[in-house]
Amino acid sequence: MSKKVRVRFAPSPTGGLHLGGVRTVLYNYLFAKKHGGDFIVRIEDTDQSRYVPGAEEYIFDCLRWCGLEPDESVQHGGAFGPYRQSERKSLYRAYAEKLITQGDAYYAFDTPAELEAMRKQYKTDQNPSPQYDHTLRLRMRNSLTLSAEEVNQLLSSGTPHVIRIQMPGSGTIAFTDMIRGDVSFDMSTVDDKVLLKADGMPTYHLAVVVDDHLMQISHAFRGEEWLPSAPVHLRLWEKLFGRDAMPQWAHLPLILGPNGKLSKRDGAKYGFPVFAMNWTDPKSGETIEGFRERGFLPEAFINLLAMLGWNDGTEKELFSLEELVQAFSMERVHSAGAKFDYEKAKWFNHEWLRRKPLEEIIIALRSQFGSLDSLGSLGSLKWERIVALVRERCHLLTDFVEETRYFFEYPKSVDMASIQPKWSSEKAAFFSALLVRYDSLADWNAAALEECFKTLATEQSIKPGELMLPLRIMLVGGKFGPGVFDIADILGKVETIRRIELLTVQLSNN
RNA sequence: GGCCCGUUCGUCUAAGGGCUAGGACACCACCCUUUCACGGUGGUGAUACGGGUUCGAAUCCCGUACGGGCUACCA
């Protein structure tokens, strides 16, 4: 039991990396780090027809953004390579043939057309999807139905063929899932899955077992959608390497969208992203939005994903990655699927926006919004003050654009309706006088500005409250934002005076 | 259809036989605030249903219903 903890994430590089995938990575990573183990990323690219250029790079970019660096992978190296299954192609066939020798697998020569014909022929209302299983395999063209001579002849003449596992026609097979407990299957209901494809590549079923063994994986975590194929993998372990060598498994609950399983396509429909980062399909050129581009901080993204199906047993909800490593345990992972709640996701980001160091938020903002770069001329000191003032009003990094706009440009629209009805010549006089005082103010800071403002109001016998809203609207254009005098402070004398003057004139002319 | 997994407030969840089923998000009200937000206080709101087992069940068992996943030479 002192076996070194080694876990793996095994994505197929076919497109964007979605929420559920990242959470699987996260749980793998947390488990590995918690137990001082290794986190391996293995690329499952055994289906060359689904090869998508750039997808592999993209996955690693996502992991990097999330701060979940693998210990071993195509990019990180390691002693158990190659980490791309397409590069391991040559080693799978021997295992499949070993199974044939043992009588646990067989060659099958059925063409795709023949398979289709079989499904059509045996399809009934009772059985809408006939399976290549113990009830049907004797009616197909394979090494079970053909004579040895025929099989040898077909093989030596290079006839395309696959190797299928031969599942027993009776008996049960079971295992203990770390999350679900005992799970068992009736083997007679499991079909003879293809192990080795006609192109010589293994299917997932063979590859996952062989590679988990060769890479000495101690714990295998994957999505619940894999549970139905577990009996095939169990059988393979049993027949190839022995059950004792098998990793401990945990099938993670699914993350659901509003209508069931999150589909990569439906991102736009849901109103929230499904991918970690923007993914542009190289063929169609279509881009599907990611959480990063939507304005999420990686800390928040990780945090919210961790809490989707797991908790530490206390009421704590805000965790840094380090805290998660400390607190995580697979036993506390919920077994039921979780519907993704975008409102709560935004709350997590909001919380991280409030607690993350200012400088880091500014970096995140800069690297994210080119449009704000030109405004960087303000200097980092001013930026820190601005971010400190508006951060608690923002849920997403993108919110900063609107929340800080008035610092950099004259408000695009001004809510005149909120001042006009109560505007008076007295107020006009007040602001005219204020302009003079502000212009000659020695120290331009929030406290002095407020002091000066209130003194003048008292002198002119107007309640400051009557004047604060007009001032705010003059400066920011609407009823929002942090304290007015803080804003005026940052805006500076010239701009503040300009905005007050502009509006005072405009209001008096109406 | 078959197989597998699941079912506590709208959502994420706590409570793994024993006090008025707890928290968070969202929502509502009030307070704070001379704007918005933050914050504070309070509120609405859940054990799918039916049987057992037990002194006692959200918790254990069975059934039903509902939800989800799988059912490719895709992963």
Side-chain angles (χ1 to χ4, degrees), chain A residues 10-14 44-47 49-50 85 108 110-112 115-116 119 123-133 160-164 177 179-180 183-186 188-191 193-205 207-208 222-231 251 253-254 256 258-261 304 307-318 332 334-348 350-351 354 389-395 403 415 418 454 463-469 471-473 476 478-484:
Chain A
S12 65
T14 53
E44 309 240 345
D45 57 348
T46 53
D47 185 357
S49 70
R50 294 212 304 163
Q85 286 180 331
D110 316 276
T111 64
L115 290 173
E116 200 183 323
R119 293 196 180 99
K123 180 175 172 173
T124 61
D125 284 346
Q126 295 308 303
N127 183 11
S129 46
Q131 300 206 305
Y132 202 122
D133 61 11
H161 63 278
V162 301
I163 295 178
R164 285 179 182 272
D177 188 279
I179 295 171
R180 284 150 221 285
V183 181
S184 69
F185 305 83
D186 181 345
S188 70
T189 65
V190 180
D191 61 327
K193 288 270 185 265
V194 169
L195 263 20
L196 202 74
K197 300 187 264 191
D199 64 3
M201 280 287 198
T203 59
Y204 171 83
H205 307 294
V208 72
R222 65 206 328 186
E224 188 185 345
E225 71 268 28
W226 289 108
L227 208 39
S229 56
H251 289 86
L254 263 18
L256 284 350
N259 323 297
K261 194 181 184 183
L304 71 93
M307 302 309 290
L308 216 49
W310 172 87
N311 69 83
D312 75 341
T314 72
E315 281 169 2
K316 183 177 163 80
E317 287 192 283
L318 266 12
R332 286 203 66 88
H334 215 63
S335 54
K339 203 173 286 182
F340 183 72
D341 181 359
Y342 184 55
E343 291 306 315
K344 184 131 190 188
K346 284 194 294 190
W347 174 78
F348 274 107
H350 181 226
E351 290 298 323
R354 295 178 58 193
L389 284 176
V390 304
R391 74 205 299 200
E392 63 196 23
R393 271 152 249 264
C394 297
H395 281 80
E403 289 295 336
D415 181 11
S418 292
K454 289 188 168 164
K463 280 187 284 186
E466 299 276 308
L467 300 162
M468 300 270 280
L469 191 63
L471 176 61
R472 164 175 300 281
I473 290 174
V476 314
K479 293 193 263 189
F480 61 90
V484 240

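Convention: sequence-line order gives letters A, B, ...; per-chain numbering from 1.
- Picking from rC25(B), rC74(B), rU13(B) the nucleotide with the shortest atom distance to the side chain of Asp341(A) gives rC25(B).
- Contact annotation: Lys123(A) side-chain N/O to rG1(B) OP1/OP2 distance is not under 4.0 Å.
- Across rC12(B), rC36(B), rC5(B), the shortest atom-to-atom separation from the side chain of Phe480(A) is found for rC36(B).
- Base pairing of rG39(B) is made with rC31(B), judged by Watson-Crick or G-U wobble geometry with both donor-acceptor distances under 3.5 Å.
- A sub-4.0 Å separation between OP1 or OP2 of rA37(B) and a side-chain N or O of Arg472(A) is absent.
- Remark: the separation of the C1' atoms in rA58(B) and rG1(B) is 33 Å, to the nearest Å.
- Distances shown here put a side-chain N or O of Arg164(A) below 4.0 Å from the OP1 or OP2 atom of rC73(B).
- Counting any heavy atom pair closer than 4.0 Å across all strands shown, Ser184(A) reaches sugar-phosphate atoms only and no base atom.
- Distances shown here put every side-chain N or O of Thr203(A) at or beyond 4.0 Å from the OP1 or OP2 atom of rC74(B).
- Between rU11(B) and Lys346(A), no contact under 4.0 Å exists linking OP1 or OP2 to a side-chain N or O.
- Nucleic acid contact class of Leu115(A) (heavy atoms, under 4.0 Å, all strands): base.
- The distance from atom CZ of Arg472(A) to atom OG of Ser418(A), rounded to the nearest 0.5 Å, is 11.5 Å.
- Using a 4.0 Å heavy-atom cutoff across all strands shown, Gly223(A) reaches no nucleic acid atom at all.
- When heavy atoms are screened at a 4.0 angstrom cut-off, His334(A) is found touching the sugar-phosphate backbone but no base atom.
- Contact between the side-chain N/O atoms of Arg354(A) and the OP1/OP2 oxygens of rA37(B) is not found at any separation under 4.0 Å.
- Between Arg119(A) and rC73(B) there is a side-chain N or O to OP1 or OP2 distance below 4.0 Å.
- Listed candidates were rC25(B), rC73(B), rA75(B). Nearest to the side chain of Tyr204(A) is rA75(B).
- For rG1(B), the OP1/OP2 oxygens have no side-chain nitrogen or oxygen of Asn127(A) closer than 4.0 Å.
- As the counterpart of rC9(B), no nucleotide is assigned, since no Watson-Crick or G-U wobble pattern has both distances under 3.5 Å.
- Remark: rC3(B) base-pairs with rG69(B). Criterion, Watson-Crick or G-U wobble with two distances under 3.5 Å.
- Between His251(A) and the options Arg222(A), Arg180(A), Glu224(A), a side chain to side chain donor-acceptor pair (under 3.5 Å) holds for only Arg222(A).
- No engagement by Pro231(A) is indicated, since no non-hydrogen atom pair under 4.0 Å with the nucleic acid exists.
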